[in-house]
2 protein chains.
Amino acid sequence: MSLANERAGDREQGHENSQHLQLRAWLRLLTCANLVERRVRANLRESFDITLPRFDVLSQLARAESQGNVDGLTMGELSQRMMVSAGNVTGLVEGLVADRLIVRMAQAKDRRSARVKLTPKGLRAFEAMLGPHESWIDAAFSGLDEADLKRLLALLAKLKISAAGATP
Amino acid sequence: MSLANERAGDREQGHENSQHLQLRAWLRLLTCANLVERRVRANLRESFDITLPRFDVLSQLARAESQGNVDGLTMGELSQRMMVSAGNVTGLVEGLVADRLIVRMAQAKDRRSARVKLTPKGLRAFEAMLGPHESWIDAAFSGLDEADLKRLLALLAKLKISAAGATP
DNA sequence: CGGAGATATTTTAAGTCTAAAGTATCTCGC
DNA sequence: GCGAGATACTTTAGACTTAAAATATCTCCG
């Protein structure tokens, strides 16, 4: 292990064996999320000159499309999927529309809401990023074998339910 | 499970059993981190009218102190522990100094750097938040028993090493 | 000593994010 | 029909965040 490893993410140092297992798990979870996210963000910037939130928008739209959602997503659906506020989505979409990666279409059915969809250019751009993105994730998780990953998924599924509980 | 639970954090839906275990684990990790962080942020605001990053500064300083670090931390040490950029710390510290929760002290030894330390007021404020904060975390992790928590800690320890690898 | 890097921090510019208030539109009961 | 809420979204104000450039200081070799 390099010195960099020793120093990275020492958010949770100093708890020794003092129990507080929940707190220790939370701090370690946060450290891991930060480490991975930081890598992905830097890689997206260096390789494709795009930010992570914008990539996330493209990603959600591509996923929706691949699930058979031909008409794109509303701002609200995007907001929910990305787990960010509606106001935030407004700004992100604005930027991507300006870059011609997505389009906004008014709906006749409900004129309050708009649908957002990848342009062909946007789809091509996303598809070019998809492979590298997945390989960065694979690299970050390379220390875990298949059994580890499945156990981690199961534990996080439990956590997800418990952490979402009672949140309106 | 409420409807809110069904809809919360569906970042990873649509992958079915398509393998990509690393990617699925990453998305679920991110979802969990977001869910917990959102709760803590809202609770800190409602109960103590403080933001999470500011609480994090107080927390790091208190932890350093409890580890016997009487002289506080430098900006750089804070930046590393919090896993945020140095420029970010500058602004956070500014705000907390204005609120008289921390103090900045010049160092004779190395005049480039300053040390930051909790004021008595800052320590009292942090101590008041410590208990509630821990109970919020406990609540978020309540779906996991002790064995789960230990397994999760172990898996995240592996991930931490692997995700930190080769990061300068 | 003197200056060439190294190091610690701040500044800057741009983007992300939230909560809350505001706007527009829809729905539904009467 | 029509108005009272509900809903979808945008705007606003403020805080956080980063990367990169700028500043200040230190270290250490010659």
Side-chain angles (χ1 to χ4, degrees), chain A residues 7 30 33-35 37-47 49-58 72-99 104-116 167-168, chain B residues 3 7 30 33-35 37-58 72-99 104-116 167-168:
Chain A
R7 294 172 67 178
L30 202 48
N34 280 337
L35 285 171
E37 189 169 320
R38 179 190 296 192
R39 284 191 124 185
V40 172
R41 191 178 344 112
N43 285 329
L44 279 174
R45 185 172 45 80
E46 285 159 18
S47 298
D49 193 30
I50 193 175
T51 64
L52 182 50
R54 286 179 185 209
F55 174 80
D56 200 5
V57 173
L58 300 184
L73 298 173
T74 65
M75 304 295 279
E77 287 166 343
L78 254 182
S79 165
Q80 278 194 350
R81 288 183 184 230
M82 296 177 63
M83 303 184 76
V84 298
S85 68
N88 193 351
V89 171
T90 298
L92 291 171
V93 163
E94 235 163 50
L96 290 167
V97 167
D99 289 349
R104 279 186 63 141
M105 303 164 298
Q107 286 193 113
K109 197 187 312 189
D110 185 342
R111 283 177 308 177
R112 288 171 304 182
S113 83
R115 287 192 167 274
V116 177
T167 302
Chain B
L3 190 143
R7 294 172 67 180
L30 202 46
N34 280 337
L35 286 171
E37 190 169 319
R38 179 188 299 192
R39 284 192 124 185
V40 172
R41 192 178 344 111
N43 285 328
L44 279 175
R45 185 172 45 80
E46 285 158 20
S47 298
F48 301 110
D49 194 30
I50 192 174
T51 63
L52 181 51
R54 284 181 187 209
F55 173 79
D56 200 6
V57 172
L58 299 185
L73 298 173
T74 65
M75 303 296 278
E77 287 165 344
L78 254 183
S79 164
Q80 277 194 350
R81 287 181 183 231
M82 296 179 62
M83 302 183 76
V84 298
S85 68
N88 193 351
V89 172
T90 299
L92 291 171
V93 164
E94 235 162 52
L96 290 167
V97 167
D99 290 348
R104 281 187 62 142
M105 304 164 298
Q107 287 194 114
K109 197 188 309 188
D110 183 342
R111 283 178 307 178
R112 290 169 302 180
S113 82
R115 287 191 167 275
V116 177
T167 301

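Letters go in sequence order (proteins before strands), and every chain restarts at 1.
Sequence order on DNA chain D of the closest nucleotides to A:Q107 and A:A42 puts A:Q107 first from the 5' end. Residues A:R45 and A:G76 each lie close to DNA chain D; by heavy-atom proximity, the contact nearer the 5' end of the strand is made by A:G76. With DNA chain C read from its 5' end, the first of the two nearest nucleotides for A:K109 and A:V89 is the one closest to A:V89.
A:R115 comes within 4.0 angstrom of no nucleic acid atom, judged by non-hydrogen atoms across all strands. A:N88 comes within 4.0 angstrom of a nucleotide base, judged by non-hydrogen atoms across all strands. Heavy atoms of A:L92 sit under 4.0 angstrom from primed sugar atoms or phosphate atoms, though from no base atom. Across all strands, A:S85 comes closer than 4.0 Å to base atoms (heavy-atom distances). As judged by a 4.0 angstrom heavy-atom cut-off over every strand, B:T74 is placed among residues touching the sugar-phosphate backbone only.
Of the inter-residue distances, the one linking A:M75 atom CE with A:L92 atom CG reads 8.5 Å to the nearest 0.5 angstrom. Between B:I50 atom CD1 and B:L96 atom CG the span is 6.5 Å, to the nearest 0.5 Å. Annotation: the span from A:M82 atom CE to B:N34 atom CG amounts to 10.5 Å, rounded to 0.5 Å. With rounding to the nearest 0.5 angstrom, the OG1 atom of B:T74 is 10.5 Å from the CZ atom of B:R104.
Distance CE (A:M75) to C1' (C:dT23): 15 Å, rounded to an integer number of Å. Note: CG (A:L44) to P (D:dT18) measures 16 Å, nearest angstrom. Computed from coordinates, the B:R41 CZ to D:dC16 P distance equals 11 Å when rounded to whole Å. Regarding B:R38, its CZ atom lies at a distance of 19 Å from the P atom of D:dC16, rounded to whole Å. Rounded to whole Å, atom C1' of D:dC9 lies 13 Å from atom CD of A:E77. The interatomic distance linking A:Q80 (CD) with D:dC9 (P) rounds to 10 Å, in whole Å.
Considering only side-chain atoms of B:D110, the nucleotide from C:dT11, C:dA8, C:dA19 that sits closest is C:dA8. If you check C:dT9, D:dC16, C:dT18 against the side chain of B:P53, the one that comes closest is D:dC16.
The side-chain heavy atoms of A:V116 and A:E77, taken from C-beta on, include no pair separated by under 4.5 Å.
Not one side-chain nitrogen or oxygen of B:R54 sits closer than 4.0 Å to the OP1 or OP2 atom of D:dA15. At the phosphate of C:dT16, OP1 or OP2 sits under 4.0 Å from a side-chain N or O atom of A:T51. The side chain of B:T90 contributes no N or O atom lying less than 4.0 Å from OP1 or OP2 of C:dT9. Residue B:R111 has no polar side-chain atom (N or O) positioned under 4.0 Å from OP1 or OP2 of D:dA24.
The base of C:dT7 sits with one of its N or O atoms less than 3.5 Å from a complementary donor or acceptor on the side chain of B:R112.
At distances below 3.5 Å, at least one donor-acceptor pair connects side-chain atoms of B:S79 with backbone N or O atoms of B:V84.
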